Amino acid sequence: MKKYIYYILVGTVAILSFASCNEKVFLTEQPRTIYTKENAFDKESQVDASLVKCYDKFCGMFHVNGWFGGGDNAASALMGDGADVLGSSQGSQSAPGSFSNYKSLRSDNGTFSTIWEGMYQLAAYANLALYGAEQVEWIKESDKAYAIAQAKFFRGWAYLRLAEVFGGVPIVDTYSEELKFDYVRNTRSETYSFAIEDFKAAVSGLPDYPLQDGRVAKGIANHYLAEAYLGLAAETGDSSKYQDAINAADAVIASHPLMVNRFGSRANPNDPGSMNGVPNYKADGNVYYDLFQIGNYDYSEGNTESLMAVQVPTYEMAAANGGAGIAVAYTWACGPAYRDLSWSDEMKAQNQNGGPWMGPIDQQKFPGGQLSCYFGGSWGLYGATDYSDEYVWRDQYADDYRNSEICRTNPVVMDMTSPQYLQICKKEWLADPAYLSRVSCKWLLQDMWGWDMAHCGGMAGMFTNMYGRDIYVARSAETYLLRAEAKLLNGDKKGAADDINAVRSRSNASYMIPEGDVDMYTILDERARELAWEEHRWPTLLRMGGNGKNDIMKTQLTKFAFAYYDAPVCAGQGFPEWTLFAIPKSVRDLNSDAELEQNPGWDK
């Protein structure tokens with residue numbers, strides 16, 4: 001039986017940090033129970049319980065949404081909601097009020113405070129674990145070193161994200177119960193450097209591969225170390241850091257080769273098994289599709305590409321731990337509410353019902369009807385942009401596993417009375433084309449296989465809760481693209497092209513990118529093809545600038561963000577002055593005894 005680290009903290013200290021629920025507390029970790037730091041740690045298991053709180057917070061950052069399914073409220077923003085890859089799924093009328101209307105943003109926007117608070121909470125949990133590790137008498141020094149390495153990974157990651165998103169921030173490297181209101185900002189390069197030192201310490205103390213599914217190991221630490229070196233190089237102009245990034249990425253790729261052949265739970269043509277009446281073997285699948293099937297996410301399951309995956313429990317495991325409401329509920333959050341999309345005036349003249357997914361639906365072909373496993377039960381919170389759904393697949397880029405119907409489905413008309421029945425719905429057929437987006441195999445299983453039919457129903461419909469389906473933190477495919485970026489910036493365009501094409505070749509792409517065509521936008525496009533719905537896109541874009549400039553991000557967003565491209569209410573407006581997210585207004589107001597300087601381009 002698969003062994004999970006399941007993120008429920010039992011019998012440990014409760015920790016407060018960084019202006020969370022109590023706005024009078026700023027950058028201060030306060031116990032909320034009878035436990036204090038003096039009496040909370042007297043055995044090794046209590047240190048590990050504190051580490052599990054780090055895992056809980058960290059893994060919540062990869063859940064897309066924070067309303068249901070164990071996610072953190074910072075997740076959707078980090079993953080690129082309002083950037084170029086993800087945007088509104090509520091049509092063109094939502095564009096003026098969307099995050100991609102950049103000139104309308106202010107420093108009191110909740111996105112900024114949510115990310116800030118989340119990262120400092122994670123850093124605080126890590127600091128507490130580090131404190132606890134020094135209080136306990138360990139039976140084995142190796143166990144202590146492993147605990148410290150895990151905590152330093154999480155603290156390093158928190159400060160990496162803070163440096164990427166906000167620039168220089170106050171560095172807090174110890175757990176404290178003292179109230180302070182006089183924090184000052186370190187520089188961005190100091191913040192990156194602090195993260196780098198934590199990642200290096202983590203690499204030295206972590207095992208080569210996870211000791212337990214969901215635990216950190218050298219691969220994931222080296223992956224983020226490479227990213228941190230890229231950020232530091234962009235900020236300081238120190239080109240030697242590109243080679244450091246390449247070296248860290250080399251270590252990852254040597255230990256975590258790409259999956260290049262079909263594998264796992266749906267890849268064996270000789271498997272006679274089935275689930276919910278659907279054969280285990282998926283004949284039209286491919287290796288990219290296999291990466292996102294239940295049972296295939298972890299290194300222990302034969303997936304050498306996996307660096308780390310969030311462990312999502314089965315219903316039985318969740319219920320046994322008091323968390324039966326926790327599941328991956330992507331299907332209600334991702335994609336538009338297809339059932340509400342209506343025909344254009346021209347198409348209404350041909351159809352007796354109001355839209356492609358209204359009217360009678362064949363329940364044998366599409367169980368659940370409008371809220372089927374083919375669509376999920378989306379409420380329409382987040383959608384793929386036209387850039388990631390269409391632009392990156394144009395012309396010679398179309399022939400690619402990642403663009404196949406099994407991996408990125410173009411929804412068909414389900415109204416049985418329509419003359420267009422079972423045809424792929426074209427955007428121009430809809431009253432508001434900006435509503436439509438494709439269905440990704442990363443957030444939907446797309447057939448009846450894999451669903452726990454007794455428990456998958458939820459408030460968004462029958463196919464809502466995906467128990468037992470894990471979520472990637474990172475795969476080595478992304479490491480290849482980090483290394484390509486470092487090689488490009490280090491003057492090795494051929495090496496960059498080779499790394500990009502290694503990722504493309506795995507997905508059977510017919511077009512290999514020539515060395516002369518490689519630039520930063522080429523890499524951003526390939527990241528969109530490979531990593532949409534996975535990567536933290538905002539940190540990627542924000543770290544590509546330094547020292548007050550970020551032309552790459554500004555060019556990318558003014559071309560492809562939702563309010564500039566899909567529903568172009570902001571087209572031609574240019575981009576604001578800012579190159580980093582705003583220091584949250586609430587944080588600056590609370591730091592009453594010293595000034596936390598605001599980033600350029602934002603209201604004070």
Side-chain angles (χ1 to χ4, degrees), residues 57-90 98-100 109-119 122 157-158 160-162 164-166 220 223-224 227 291-292 297 307-310 312 328-336 376 378-385 387-389 392 408 437-444 466 469-475 477-478 481-482 524 526-544 553 556-557 560-562 566 581:
K57 187 67 181 178
F58 173 78
C59 290
M61 303 284 187
F62 295 87
H63 267 256
V64 174
N65 67 86
W67 289 10
F68 299 107
D72 190 276
N73 287 329
S76 60
L78 290 169
M79 296 186 78
D81 183 26
D84 55 339
V85 171
L86 303 183
S88 173
S89 62
Q90 300 178 26
S98 71
F99 194 82
S100 57
N109 187 287
T111 293
F112 307 138
S113 57
T114 297
I115 296 173
W116 181 280
E117 291 167 9
M119 294 308 158
L122 176 58
W157 187 85
L160 169 63
R161 285 291 182 258
L162 286 165
E164 290 172 326
V165 171
F166 297 107
I220 192 67
H223 173 87
Y224 285 118
E227 184 175 323
L291 286 166
F292 302 96
Y297 280 80
L307 303 183
M308 184 179 181
V310 178
V312 178
V328 179
Y330 277 14
T331 57
W332 70 267
C334 302
S378 180
W379 282 5
L381 298 184
Y382 316 110
T385 60
Y387 165 71
S388 61
D389 261 356
V392 297
R408 209 175 185 105
S437 64
R438 298 169 74 181
V439 180
S440 172
C441 69
K442 296 182 182 182
W443 57 261
L444 192 63
M466 289 189 285
R469 190 184 194 191
D470 296 342
I471 305 167
Y472 287 112
V473 172
R475 298 181 285 115
E478 183 178 6
L481 298 178
L482 288 173
L524 284 173
E526 197 61 35
R527 290 182 70 94
R529 295 182 194 103
E530 181 70 25
L531 301 169
W533 297 106
E534 290 182 78
E535 76 160 313
H536 282 184
R537 187 69 168 189
W538 269 117
T540 295
L541 292 167
L542 289 160
R543 72 166 169 76
M544 288 185 170
M553 179 186 73
Q556 184 75 2
L557 293 179
F560 297 124
F562 181 80
D566 304 53
F581 280 178

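All values reported here derive from a predicted model rather than from experimental measurement. Basis for what follows: all heavy atoms, side chains included, without hydrogens, waters or symmetry-related copies.
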Passes salt bridge (charged side-chain N to carboxylate O under 4.0 Å, His left out), R527 versus E534? Steps please.
-> CA-CA 10 Å; R527 290 182 70 94; E534 290 182 78; over 6 Å; no
Look up atom CE in M79 and atom CD in E535, then write down how far apart they are to the nearest 0.5 Å.
-> 8.5 Å
Working for side chain to side chain contact (heavy atoms under 4.5 Å, CB included), residues M119 and L160 = CA-CA 9 Å; M119 294 308 158; L160 169 63; over 6 Å; no
Minimal non-hydrogen separation, S388 against A384, with atom names | OG-CB, 3.6 Å
What do you reckon, are the aromatic ring centroids of W533 and F292 less than 6.0 Å apart?
-> no
Minimum heavy-atom separation for G335 to S89, with atom names?
-> O-OG, 3.5 Å
Could you walk me through whether M553 and M544 pass the side chain to side chain contact (heavy atoms under 4.5 Å, CB included) test, one step at a time?
-> CA-CA 7 Å; M553 179 186 73; M544 288 185 170; 5.8 Å; no
To the nearest 0.5 Å, what is the distance between CG (L78) and CZ (F62)?
-> 8.0 Å
Could you pull out the closest heavy-atom pair between D470 and A309, with the gap in Å?
-> CB-CB, 4.3 Å
Sequence neighbours left out, what passes side-chain contact (heavy atoms from CB on, under 4.5 Å) with S88? Give chain and number order.
-> Q90, S94, F562
Closest non-hydrogen atom pair, F166 against F112 = CZ-O, 3.4 Å
Would you give the length of the straight line joining atom OH of Y382 to atom CG of D81, rounded to the nearest 0.5 angstrom?
-> 6.0 Å
When rounded to the nearest 0.5 angstrom, what distance separates CG in D84 from CG in L524?
-> 7.0 Å
Rounded to the nearest 0.5 Å, what's the gap from CD on E227 to NE2 on H536? Could you check?
-> 10.0 Å
Close side-chain approach of Q556 and Y387, heavy atoms under 4.5 Å | yes
Passes side chain to side chain contact (heavy atoms under 4.5 Å, CB included), Y224 versus V473? Steps please.
-> CA-CA 11 Å; Y224 285 118; V473 172; 3.7 Å; yes
In short, G87 meets T385 closest at the heavy-atom pair N-CG2, 3.7 Å
Closest approach of G60 to A75 (non-hydrogen atoms, all atoms of both residues) = O-CB, 3.6 Å
Pick from R469, R475, M308: which one makes a side-chain contact (heavy atoms from CB on, under 4.5 Å) with Y297?
-> R469
Rounding to 0.5 Å, atoms NE2 (H223) and CG (L307) come to a distance of 6.5 Å
So R408 and D389, side chain to side chain contact (heavy atoms under 4.5 Å, CB included) or not? Walk me through it.
-> CA-CA 8 Å; R408 209 175 185 105; D389 261 356; 3.2 Å; yes
R529 and E526 ion-paired at < 4.0 Å | yes
Among all residues two or more places apart in sequence or in another chain, which pass the side-chain contact (heavy atoms from CB on, under 4.5 Å) test with A77?
-> T111, I115
